[in-house]
Amino acid sequence: MKASVMLDKDNQWACILAFDVRVERDAQEMADGLGVRIFTADIIYHLFDNFIKYREELRERKRQENERFAIFPCKLKILPNCVFNARNPIVVGVMVEAGIVKPGTPLCVPSRDFINIGTVSSLELIINKLK
């Protein structure tokens, strides 16, 4: 099958769109064995919608797999009156000045030669305004 060549480049394109035809059992078994996806529909719009939905599912799955590798840069300001634990584990109140902070975000001190101090393990949101 020529569509299996696309598995080397990008598996989202290793597909066969079969419009208004019947796929024989041998062809389906061969496609399953090679990892090629066959879409069939009697209405062209349904075929297109199924293919687009499949590509979106692949994109979402890839995003979830690579989510732990993405680093969202942020700038935090430690609130001096909100240091609850200064040592292992460090528990402090911060104000996010720029960017996005998420669990897993690496923390460093840029003013001290980018000393790595760990990663964000959890977050709590307190919406009380400071006086």
*Distance-minimising heavy-atom pair for Asp20 and Asp42*: OD1-OD1, 3.7 Å
_Once side chain to side chain donor-acceptor pair (under 3.5 Å) is applied, what residue pairs with a partner in residues 29-40 remain, sequence neighbours excluded?_
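Found Gln28-Asp32.
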*Can you establish whether the number of heavy atoms outside Arg63 located under 6.0 Å from its atom CZ is more than 12?*
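Yes, the 6.0 Å shell around CZ holds more than 12 heavy atoms from other groups.
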*Atom CG of Asn66 with >12 non-hydrogen neighbours under 6.0 angstrom*: yes
*asked:* Measuring from atom CG of Leu107 to atom CG of Leu76, what distance do you get when rounded to the nearest 0.5 angstrom?
replied: 6.5 Å
*Rounded distance (nearest 0.5 Å) linking atom CD1 of Ile117 with atom SG of Cys108*: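 Answer for the CD1-SG pair, Ile117 versus Cys108, is 7.5 Å.
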Please list, one pair per line, the donor and acceptor atoms closer than 3.5 Å that link side chains of residues 46-59 to other protein atoms, with sequence neighbours excluded.
| from | atom 1 | to | atom 2 | distance (Å) |
| --- | --- | --- | --- | --- |
| Asn50 | ND2 | His46 | O | 3.3 |
| Arg55 | NE | Gln12 | OE1 | 3.1 |

Please table the atom pairs, donor to acceptor, closer than 3.5 Å between any side-chain atom in residues 95-106 and protein atoms at least two apart or in another chain.
| from | atom 1 | to | atom 2 | distance (Å) |
| --- | --- | --- | --- | --- |
| Thr105 | OG1 | Lys102 | N | 3.1 |
| Thr105 | OG1 | Lys102 | O | 2.7 |

Test of understanding: clusters of I, L, V, M, F, W, Y form through side-chain heavy atoms closer than 4.5 Å, transitively. Do [X] and [Y] belong to the same one?
{"X": "Ile43", "Y": "Phe19", "result": "yes"}
{"X": "Val91", "Y": "Leu79", "result": "no"}
{"X": "Val120", "Y": "Phe84", "result": "no"}

*Please list, chain by chain and in numerical order, all residues satisfying side chain to side chain contact (heavy atoms under 4.5 Å, CB included) with Val21, sequence neighbours excluded.*
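Testing Val21 for side chain to side chain contact (heavy atoms under 4.5 Å, CB included), a comparison that skips the adjacent residues, returns Ala18.
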*Those residues that, when tested against Glu24, pass salt bridge (charged side-chain N to carboxylate O under 4.0 Å, His left out) (two or more places apart)*: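 Checked Glu24 against salt bridge (charged side-chain N to carboxylate O under 4.0 Å, His left out); zero matches.
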*asked:* Among residues at least two apart in sequence or on other chains, which ones pass salt bridge (charged side-chain N to carboxylate O under 4.0 Å, His left out) with Arg61?
replied: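 Salt bridge (charged side-chain N to carboxylate O under 4.0 Å, His left out) check on Arg61 returns nothing, list empty.
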